[in-house]
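Right, one structure below, let's go through it.
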There are 2 protein chains.
Amino acid sequence: MRKAASCATADMDKAEDRRCVEAEPTQARRFSQARTARSTAILEDYAELIADLTREHGEARTTDIARRLGVTLPTANKSLARLKREGLVTARPYRGVFLTEAGMAMAERVRARHRLVVDVLEALGVPTDAAETDAEGIEHYISEVTLKAFKRFLCRE
Amino acid sequence: MRKAASCATADMDKAEDRRCVEAEPTQARRFSQARTARSTAILEDYAELIADLTREHGEARTTDIARRLGVTLPTANKSLARLKREGLVTARPYRGVFLTEAGMAMAERVRARHRLVVDVLEALGVPTDAAETDAEGIEHYISEVTLKAFKRFLCRE
DNA sequence: ACATGAAGTTAGCTTAGGCTAACTTAAATG
DNA sequence: CATTTAAGTTAGCCTAAGCTAACTTCATGT
């Protein structure tokens with residue numbers, strides 16, 4: 001076998017040894033969480049957008065969803081199929097799209113989180129447009145713990 | 001055609017009209033940017049990790065990369081093929097992986113950004129572990145403008 | 001009332017990132 | 001030095017999200 005490139009080589013001191021040995025599972029867990037978040041990011045975007053459109057227009061149409069997301073109609077359609085499968089929306093063919101209870105809950109949670117992220121970014125001096133743009137990517141990766149910290153930070157501003 | 005659910009209905013005032021009409025391209029652009037960032041996120045993770053491993057062990061082995069990322073060896077292998085294709089790493093079969101100039105530049109940029117994001121989160125009161133975990137997802141969506149704002153914020157702390 | 005054009009759907013292709021199974025290569029050790 | 005075991009590779013499968021092309025449904029305006 002190839003020369004041990006593993007952390008635990010004899011000439012390393014105990015501290016570094018320990019640090020290295022624990023780096024793997026910890027980091028793997030973090031990446032894994034990011035992957036999970038990535039896979040729900042799209043669901044969250046759709047839920048939030050459907051709630052917005054419903055509020056603005058009284059209904060959420062697939063065309064409007066596609067336009068706002070900047071994707072084609074078939075792409076939106078396919079993604080909506082996933083949301084249906086996961087019980088977040090209901091839709092009958094050629095009719096609009098409606099959030100289920102679960103979908104509304106997700107939308108509400110996401111909306112609040114989005115607002116919070118934008119507010120924090122602006123509080124940190126990020127201009128509005130950049131804050132909105134970056135929030136669109138960032139928001140899906142904010143844990144509950146971080147959310148709470150953000151709230152506290154804004155309060156004592 | 002179905003009743004116009006578009007923004008520009010007669011009974012809307014000019015302000016809302018304008019807001020709505022501009023919402024589509026703006027929001028579409030934001031989502032599109034998030035999608036772009038998402039597609040480079042993995043490249044950035046690999047580049048950063050390869051740099052770390054090289055610094056720690058003098059080489060970056062596919063097994064270590066896979067273990068740290070929490071994916072299987074074939075998955076890491078396939079992703080590394082993409083990094084090769086995009087000119088970020090070089091690798092000869094059964095030998096380690098090495099960053100190209102471009103790869104090192106990316107790794108350095110990503111490392112600095114990661115540090116900055118963690119520091120900002122901690123400054124906002126997020127505990128270290130959550131800060132590290134969330135940063136792993138967040139970092140890929142931070143624009144240059146936001147990065148600058150973060151730096152300014154940390155300075156005047 | 002029907003023609004037309006927009007909205008929606010379906011089929012099928014691509015890329016990406018996961019996985020397992022099976023195989024090959026390399027290196028450490030008896 | 002031969003064997004065993006770890007590392008790396010290849011093949012092939014799956015799901016997701018993007019696309020275009022082609023088709024169907026719907027609703028509006030003449």
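Every chain is numbered from 1 and lettered A, B, ... according to where its sequence line falls, protein lines coming before strand lines.
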Atom CG of B/Leu83 and atom C1' of C/dT15 are separated, to the nearest Å, by 15 Å

Which residue, B/Glu44, B/Glu144, B/Glu108, forms the salt bridge (Lys or Arg N to Asp or Glu O under 4.0 Å) with B/Arg113?
B/Glu44

With a cut-off of less than 4.0 Å, is there a side-chain N or O of A/Thr72 near OP1 or OP2 of D/dC19?
yes

Length of the line joining B/Arg82:CZ and C/dT15:C1', which is rounded to integer Å:
9 Å

May I ask you to say what A/Pro93 touches in the nucleic acid, namely base, sugar-phosphate or nothing, with a heavy-atom cut-off under 4.0 Å?
sugar-phosphate

Which residue lies more 5' along DNA chain C, comparing A/Lys78 with B/Val71 via nearest heavy atoms
A/Lys78

Is A/Thr62 reaching over with its side chain to a backbone N or O of A/Asn77, donor-acceptor style, under 3.5 angstrom?
no

The side chain of A/Thr63 is closest to which nucleotide in this list: C/dG8, D/dA11, C/dA26?
C/dG8

Closer than 3.5 angstrom, by distance alone: can the side chain of A/Thr54 be matched with the main-chain N or O of A/Glu59 as a donor-acceptor pair?
no

Test: A/Asp129 and B/Arg30 ion pair at under 4.0 Å
yes

Is there a side-chain contact between A/Met106 and A/Glu86, using heavy atoms and a 4.5 Å cut-off?
no

Figure out the CG/C1' separation between A/Leu73 and D/dA17, and round it to whole Å.
15 Å

Contact check, residues 30-49 of chain B vs DNA chain C, heavy-atom distance under 4.0 Å, returns B/Ile42

C/dG17 phosphate, OP1 or OP2, under 4.0 Å from B/Thr75 side-chain N/O:
no

What is the distance, to the nearest angstrom, from the CG atom on A/Leu80 to the P atom on C/dA7?
16 Å

Has B/Asn77 got a side-chain N or O lying under 4.0 Å from the OP1 or OP2 atom of D/dT9?
yes

Length of the line joining B/Arg61:CZ and D/dT9:P, which is rounded to integer Å
11 Å

Candidate pair A/Phe153 and A/Leu124, rule side-chain contact (heavy atoms from CB on, under 4.5 Å), full reasoning:
CA-CA 11 Å; A/Phe153 171 74; A/Leu124 293 178; 4.1 Å; yes

Separation of C/dA16 atom P from B/Leu88 atom CG, nearest Å, is 13 Å

Between atom CG in A/Leu53 and atom P in C/dA7, what is the gap in whole Å?
14 Å

With a 4.0 Å cutoff (strictly under), does any side-chain N or O of A/Arg85 reach OP1 or OP2 of D/dA16?
yes

Among B/His140, B/Glu132, B/Arg109, find the one that has a side-chain hydrogen bond (donor to acceptor under 3.5 Å, both in side chains) with B/His114.
B/Glu132

